[in-house]
Amino acid sequence: MAEFSQNRSKRRDGEVLGGAVDFLLANARLVLGVGGAAVLGIATLAVKRLIDRATSPRDEDDAKGDAPCLEDSWQDLSLLKATPRLQPRPPPAALSQPVPPPAPSLSAPEGSADAGPQTSPQLSSPAPPLCLTFQEKLLAFERDHVTVPGAHVSLAKQLAGDIALELQAYLRNKFPDLPFGALVPGGPLYEGLQAGTADPVRLLVPLALEPGLWSLVAGLDTVAQDPRCWAVRRTQLEFRPRGSSPWDRFLVGGYLSSRVLLELLRKALIASVNWPAIGSLLGCLIRPRVASDELLLEVQHECLELTMAVLLAVAGAQDGDLLLAWPLEGLAGNLWLQDWYPAEAARLRALDEQDAGTRRRLLLLLCAVCRSHSALWRLGRDRLAQVVLHLGEQEADWAEEALGEHFLQALELLLSSLEQASLPSHFNRGVNLLDGLREEEIDDLGFALYRGLQAPEGLL
């Protein structure tokens, strides 16, 4: 009876151990996979049999079966040794390293005829970072920082045209005796030369001067001796005395003063025009920039921001030339500045159309790079346009593949011009475009260009 109870207790313990083993094996597949679960099952089975033999009573039947059971246990162990060992998975940090090939299976002899070549999936390492050339980086900069979406261009043109009409109606009501011409928006936005959204829209306010009462005098022939400017002189005073022209009240020393007209229009734009009402009508916010010497309007729309430069203009000595009322200093304060922008834009367009060149794209890139630089912003569009014009007529190959090379050539030409403190205008060799810069500003520009030539990628 006692022996029966002992055997029953051992059988219950074995059932508990077997249930634990079955639970472990059922969940091993989820954790270790099929191969790992097989290895664990064989090992557990062998250990279980060893435990059963150690706890079971040694009677005659068991003693007789010791040899077969012992033989079975070594077979189990041989199965453990013959089972191929799974290769551990590499940790996540080592995924970029090449995976070593799996060790050959111990159960398959080397000379086995039916053992084909074993292949294991190789984890592909990530591609090394691309080493872009300067040309490729320049084109990427053009795509991200220079190109303006067509929808923004159309919206900017619409806003500029609407503001021009509103301002023209105001000027005619405010100054009915002054014959202003039709206000015409223009500039880089209309010429395909808009580098980003920072270039202002030019809003020309032409003055309709009476023919025969006004003549132009070159700036070199005035007391200012400034080749950049022209004087507008009142003539025929003996036949048409002062007061015969509505513009006579803006004369200073017998010349039409650009400074007096600028002050008149500045006061009107800042104090008289109801910009909030106009902006509400057009769906935008319009503010005159008070702190600037130029007449600038800041336009804020929900989709874009826009700057408009209001420019008083008279016709120049040749057809198509314009003279602008510009805030000049010293003796040239009453003169009119020669506007070379229309001639620059027309010449660049003609050169590019001849050979399908990229001169205008080069100008846009130079403007965008210099505008965002702490020192190169002083160069301005006018000087950069002259540099591109000089290169545009000297170099022959203006395909897109040479754009990066021409960019570096432009920097070299600017640097050599700064070393000589001379950058003559393409249309008037007597005008040095670097005259307005101080010596320390030239030094800063030269240093920035030198560093840019050493590492041009740093400018982008």
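Along the sequence shown, residues carry numbers from 1.
- Thr358 places a side-chain N or O within donor-acceptor distance of the main-chain N or O of Trp398, the cut-off being under 3.5 Å.
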Walk me through it: do Leu324 and Leu204 pass the test side chain to side chain contact (heavy atoms under 4.5 Å, CB included)? CA-CA 9 Å; Leu324 303 179; Leu204 296 178; 4.3 Å; yes
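- In this structure, the side chain of Tyr341 engages the main chain of Gly187 through a donor-acceptor pair within 3.5 Å.
- How far CG of Leu449 is from CZ of Arg451: 12.0 Å, rounded to the nearest 0.5 Å.
- Annotation: side chain to side chain donor-acceptor pair (under 3.5 Å) contacts involving residues 280-303, sequence neighbours excluded, comprise Arg289-Glu298.
- Within 6.0 Å of atom OH in Tyr450, 12 or fewer heavy atoms from other residues, nucleotides or ligands are found, so the atom counts as exposed in its surroundings.
- For the atom pair Leu459 CG and Phe141 CZ, the distance stands at 9.0 Å (nearest 0.5 Å).
- With contacts defined as side-chain heavy-atom distances shorter than 4.5 Å, the pair Arg360/Leu364 does not qualify.
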Can you check ring-ring contact (aromatic ring centres under 6.0 Å, His included) on Phe180 and Trp247, steps first, answer last? CA-CA 11 Å; Phe180 289 107; Trp247 304 108; 5.5 Å; yes
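- Ion pair Arg249/Asp177 flagged as a salt bridge, since at least one NZ, NE, NH1 or NH2 atom sits closer than 4.0 Å to an Asp/Glu carboxylate oxygen.
- Leu207 pairs in a side-chain contact (heavy atoms from CB on, under 4.5 Å) with only one of the listed residues (Leu261, Leu323, Val232), which is Leu261.
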Go through Val369 and Phe407 one step at a time and tell me if the side chain to side chain contact (heavy atoms under 4.5 Å, CB included) criterion holds. CA-CA 11 Å; Val369 168; Phe407 183 89; 4.1 Å; yes
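- The pair Arg361-Glu400 meets the salt-bridge criterion, with a side-chain N (NZ, NE, NH1 or NH2) lying under 4.0 Å from an Asp/Glu carboxylate O.
- Checked for salt-bridge contact, Arg233 and Asp221 miss the test: no charged N lies under 4.0 Å from a carboxylate O.
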Is there a side chain to side chain contact (heavy atoms under 4.5 Å, CB included) between Leu281 and Glu166 once you walk through the steps? CA-CA 10 Å; Leu281 179 64; Glu166 295 293 334; 3.6 Å; yes
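- Taking 4.5 Å as the limit, every side-chain heavy atom of Val252 sits out of range of all side-chain heavy atoms of Arg259.
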Side chain to side chain contact (heavy atoms under 4.5 Å, CB included) assessment of Asp339 paired with Arg202: CA-CA 12 Å; Asp339 180 25; Arg202 293 160 48 99; 2.5 Å; yes
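- Classification of the Tyr170-Phe175 ring pair by plane angle, with boundaries at 30° and 60°, yields perpendicular.
- Within 6.0 Å of the CZ atom in Phe427, the count of heavy atoms belonging to other residues, nucleotides or ligands exceeds 12.
- Between Pro424 and Gln386 the shortest side-chain heavy-atom distance does not fall below 4.5 Å.
- For the side-chain contact (heavy atoms from CB on, under 4.5 Å) with Val205, the qualifying choice from Leu311, Leu295, Val310 is Val310, the only one to do so.
- Side chains of Ser244 and Arg234 form a contact here, defined as non-hydrogen atoms less than 4.5 Å apart.
- Within the 4.5 Å cutoff, the side chain of Leu167 has heavy atoms near those of the Trp275 side chain.
- Rounding to the nearest 0.5 Å places CG of Leu414 at 7.0 Å from CG of Leu423.
- Minimum heavy-atom separation, Asn334 to Ser257: OD1-OG, 2.6 Å.
- Around atom CZ of Arg240, no more than 12 heavy atoms belonging to other residues, nucleotides or ligands sit under 6.0 Å away.
- Side-chain contact between Phe134 and Leu460: present, with at least one pair of heavy atoms (C-beta onward) separated by less than 4.5 Å.
- The side-chain heavy atoms of Leu189 and Val148, taken from C-beta on, include no pair separated by under 4.5 Å.
- Taking the six-membered ring for Trp and thresholds of 30 and 60 degrees, His390 and His426 have ring planes more than 60 degrees apart, a perpendicular arrangement.
- Counting heavy atoms from C-beta outward, Leu363 and Arg381 have side chains that approach closer than 4.5 Å.
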